[in-house]
Amino acid sequence: MNHFSISAGGILFNNQSVLLVKVDYGANRGMWMIPGGFAEQGESIEEAAEREFKEETGLVTKSGRVVCLRSGTQERNGEIQASLYIVFEMELVSGSMIKDEAEIADMKYWHIEDVKSSNEIIELSKSIITTAWETKNGLYAGNTIRTNNNYRTYHYYLPNPL
């Protein structure tokens, strides 16, 4: 039986810095990375990114442009597992920084130049952050459109117009 998961993350820039979390579980335990996690049943990917960001950091955010799509497959226990990870640039709405004690060992804003040179930050997070910081590339939410289906939520993303 094959398994498929969808996860979401978010980057929040503040001046010349980005908020990262130090995870306290899994293969990346002890490493710094973008806040995020798995989408729950019935949840849009935007809702997942916003919920996970709030759970891990205490901050209420709104998802903006899509800055990364990562897909992968791996074999675990004789089964193929496929995954899709979508990262948004987040906009701060409100809240105070309060880390999730169950999953997060630490959190802090990292200066962009320190992100580039650190060996403590996972490579994918570094790549996403530096590319998003240096460009306005990505996929941006399209204008509201009418569909012939009844969606609870409906979002689509297009490249940044030139």
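- At a threshold of 4.5 Å between non-hydrogen side-chain atoms, the residues W32 and W110 count as touching.
- Of the charged side-chain nitrogens involved, none lies within less than 4.0 Å of a carboxylate oxygen, so that E46 and K62 do not count as a salt-bridged pair.
- Clustering of Ile, Leu, Val, Met, Phe, Trp and Tyr by side-chain heavy atoms under 4.5 Å joins Y151 with I145, Y154, Y156, L158.
- For N14, the CG atom is densely surrounded, since the number of other residues' heavy atoms within 6.0 Å is greater than 12.
- Neither L69 nor I128 shares a network with the other; the hydrophobic side chains, linked directly or stepwise wherever heavy atoms of I, L, V, M, F, W or Y lie under 4.5 Å apart, form separate groups for each.
- For CZ of R152, the number of neighbouring non-hydrogen atoms (other residues, nucleotides, ligands) closer than 6.0 Å is greater than 12.
- Judged by distance alone, the side chain of T57 and the main-chain N or O of F53 form a donor-acceptor pair under 3.5 Å.
- Distance alone, capped at 3.5 Å, is enough to place a donor-acceptor pair between the N160 side chain and the K136 backbone.
- Side-chain contact between I129 and F13 is present, with at least one heavy-atom pair separated by less than 4.5 Å.
- Although no hydrogens or angles enter the test, the distance criterion places no donor-acceptor pair under 3.5 Å between the side chain of E40 and the main chain of A48.
- A donor-acceptor pair under 3.5 Å is absent between the side-chain atoms of S44 and the main chain of T153, judged by distance alone.
- You'll find the side chain of R70 reaches within 4.5 Å of the side chain of L124, heavy atoms only.
- We find that E52 and K54 are not joined by a salt bridge, their nearest charged nitrogen and carboxylate oxygen being 4.0 Å or further apart.
- Checking side-chain atoms of S118 against main-chain N and O of D114 turns up no donor-acceptor pair under 3.5 Å.
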For this session: Could you give me the CA-CA distance, side-chain angles and deciding distance for E89 and R65, then say whether salt bridge (charged side-chain N to carboxylate O under 4.0 Å, His left out) is met?
Result: CA-CA 6 Å; E89 182 174 2; R65 69 178 165 143; 2.5 Å; yes
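- In this structure, the side chain of E50 engages the main chain of S63 through a donor-acceptor pair within 3.5 Å.
- In the displayed structure, F38 atom CZ is contacted under 6.0 Å by at most 12 heavy atoms of other residues, nucleotides or ligands.
- In terms of the salt bridge (charged side-chain N to carboxylate O under 4.0 Å, His left out) criterion, residue partners of E113 (sequence neighbours excluded) are, by chain and number, K116.
- Side-chain N or O atoms of T135 include one that pairs as donor or acceptor with a backbone N or O of T131 at under 3.5 Å.
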